[in-house]
Peer 1: 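Got a structure for you, questions after.
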Amino acid sequence: MNYKNTVTYLLLITYALVILYLSGIQWVLSFLLSLCIYTLVFYGLHILWKKFRKKQIMYINDFINYFLNRVAILLVIIIVVIWWWAYILNEIFPAPMPEYTISDWNKVIKFQAMSHIWTTNFYNQIVENLTNFKKEWGVYYYEWVKPGSPENLDKFNKAIWIKFDDDLYKNFSKLYGLTNQDNSIFMWIINNNDYNIDLNMDEIITEYSKIIEQKPKWEKEFQSKLPIDANNTIIKTLAWLNDKELKVLIYINQALLNLIIWNEKLQWFLTNTFTNRDLFEVILWKRNEVLANEIINSNHDKIYITYWLLHFKWVYELLKEDNNKWQIISISNLYPIKN
């Protein structure tokens with residue numbers, strides 16, 4: 001066996017041992033069986049191609065060594081690229097979640113970008129910042145869609161294509177090794193000046209219905225398809241993975257989240273491609289108006305806000321349309337996924 005073949009088989013053995021460590025002997029056997037099947041399939045294709053071109057066909061032993069070498073190299077490239085990419089995003093350049101301080105010289109607003117699943121440390125840092133802000137006579141505005149009728153909740157689930165229930169974010173967070181947002185930890189800090197500035201489910205469906213009524217019949221039917229029971233799917237995935245496999249998945253998923261936070265264009269691409277854009281228009285734009293109007297018309301002059309990351313840019317634009325004195329005074333960053 002020459003040096004090249006020795007390296008090839010050492011790499012494949014190493015890969016098999018990693019599979020054994022993570023997933024057990026059955027997955028090693030599955031990996032070896034897959035190698036055998038694909039080797040035979042590609043050897044068959046090789047024979048057909050060479051006959052078509054009237055070229056010499058490789059002996060099967062030579063082809064096996066050649067094919068396995070290419071597979072070994074490909075696996076190494078895939079693993080190295082994915083792991084190095086995940087390491088850079090998780091350990092070296094974790095994505096920041098900004099806290100914007102803006103003012104029109106009459107009011108001071110601290111806008112902390114949020115999401116429904118992050119690390120416990122991230123939420124604790126927000127509690128600390130909110131506590132310090134409220135000590136200076138500040139109030140707290142937060143997002144949280146208010147309940148509506150069961151009928152409109154069903155319409156919402158069909159429109160968003162996912163069945164929402166109380167445990168969805170809790171179970172979803174387990175795939176990312178994170179904690180689901182618990183709004184209660186932000187309530188009654190220093191004082192009870194906590195205000196839910198958001199739409200309720202009935203208002204969302206009313207606004208959505210106005211948009212969808214203008215659509216052709218086929219599009220209405222498509223946008224009202226049965227929702228996916230995401231919670232049940234997540235539970236099955238968690239049950240299928242062992243602890244070692246879950247740790248690998250969590251590390252890669254966290255890197256994906258960091259990548260999404262870093263890249264605003266990717267955020268918009270995902271929302272425009274994989275969501276109901278008409279419903280998203282209501283969820284984003286209408287809530288921007290609600291929050292901006294509340295800030296403008298409120299008697300509160302010191303406000304701490306926790307709201308979804310994508311809202312800040314457009315709420316800020318709405319504030320400047322009303323009063324061009326609004327300026328960004330400072331930006332500080334928290335790191336929601338920092339290992």
Peer 1: Using 30° and 60° as the class limits, which term best fits the ring planes of Tyr43 and His46: parallel, tilted or perpendicular?
Peer 2: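 Aromatic pair Tyr43/His46 classed parallel.
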Peer 1: Taking only Lys NZ, Arg NE, NH1 and NH2, and the carboxylate oxygens of Asp or Glu, determine whether Lys155 and Asp202 approach each other closer than 4.0 Å.
Peer 2: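 Asp202 and Lys155: not salt-bridged.
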Peer 1: Would you call the rings of Tyr316 and Phe312 parallel, tilted or perpendicular if under 30° counts as parallel and over 60° as perpendicular?
Peer 2: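 Answer is parallel, since the angle falls under 30°.
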Peer 1: Go through the steps to decide whether Ile305 and Ile109 satisfy the test side-chain contact (heavy atoms from CB on, under 4.5 Å), and finish with yes or no.
Peer 2: CA-CA 7 Å; Ile305 298 172; Ile109 309 294; 3.5 Å; yes
Peer 1: Can you tell if the side chain of Leu309 reaches within under 4.5 Å of the side chain of Gln267, non-hydrogen atoms only?
Peer 2: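 In short, these two side chains touch, coming nearer than 4.5 Å.
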Peer 1: Looking at CG of Leu45 and CZ of Phe52, how far apart are the two atoms once the value is rounded to the nearest 0.5 Å?
Peer 2: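 Answer for the CG-CZ pair, Leu45 versus Phe52, is 14.0 Å.
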Peer 1: Looking at side-chain heavy atoms only, is the closest gap between Ile126 and Tyr304 below 4.5 Å?
Peer 2: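 The answer is yes, as the side chains (C-beta and beyond) meet within the 4.5 Å cut-off.
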Peer 1: In terms of ring plane angle, is the pair Trp285 and Trp314 parallel, tilted or perpendicular, where the classes change at 30° and 60°?
Peer 2: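 Perpendicular.
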Peer 1: Do the ring planes of Tyr141 and His300 sit parallel (below 30°), tilted (30 to 60°) or perpendicular (above 60°)?
Peer 2: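 Judged by the thresholds at 30° and 60°, the geometry between Tyr141 and His300 is perpendicular.
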Peer 1: Could you tell me how the ring of Phe63 sits relative to the ring of Phe67: parallel (under 30°), tilted (30 to 60°) or perpendicular (over 60°)?
Peer 2: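 It falls in the parallel class, under 30°.
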Peer 1: Using salt bridge (charged side-chain N to carboxylate O under 4.0 Å, His left out) as the criterion, point out the one residue from Arg287, Lys146, Lys286 that pairs with Asp198.
Peer 2: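 Answer after filtering Arg287, Lys146, Lys286: Arg287.
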Peer 1: Is the NZ or CZ atom of Lys134 both under 6.0 Å from the centre of the six-membered ring of Tyr140 and within 45° of that ring's axis?
Peer 2: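 Lys134 over Tyr140 ring: no.
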Peer 1: For side-chain contact (heavy atoms from CB on, under 4.5 Å), just list the numbers for Lys247 and Tyr251, CA-CA rounded to whole Å, side-chain angles, deciding distance to a tenth of an Å, and then say yes or no.
Peer 2: CA-CA 6 Å; Lys247 285 181 180 179; Tyr251 199 74; over 6 Å; no
Peer 1: Could you go through residues 318-332 and list every donor-acceptor pair under 3.5 Å that involves a side-chain atom there, pairing it with any protein atom two or more places apart or in another chain?
Peer 2:
| residue | atom | partner | partner atom | Å |
| --- | --- | --- | --- | --- |
| Asn323 | OD1 | Lys325 | N | 3.0 |
| Asn323 | ND2 | Asp104 | OD2 | 3.4 |
| Ser330 | OG | Thr101 | OG1 | 3.4 |
| Ser332 | OG | Glu99 | OE1 | 3.3 |

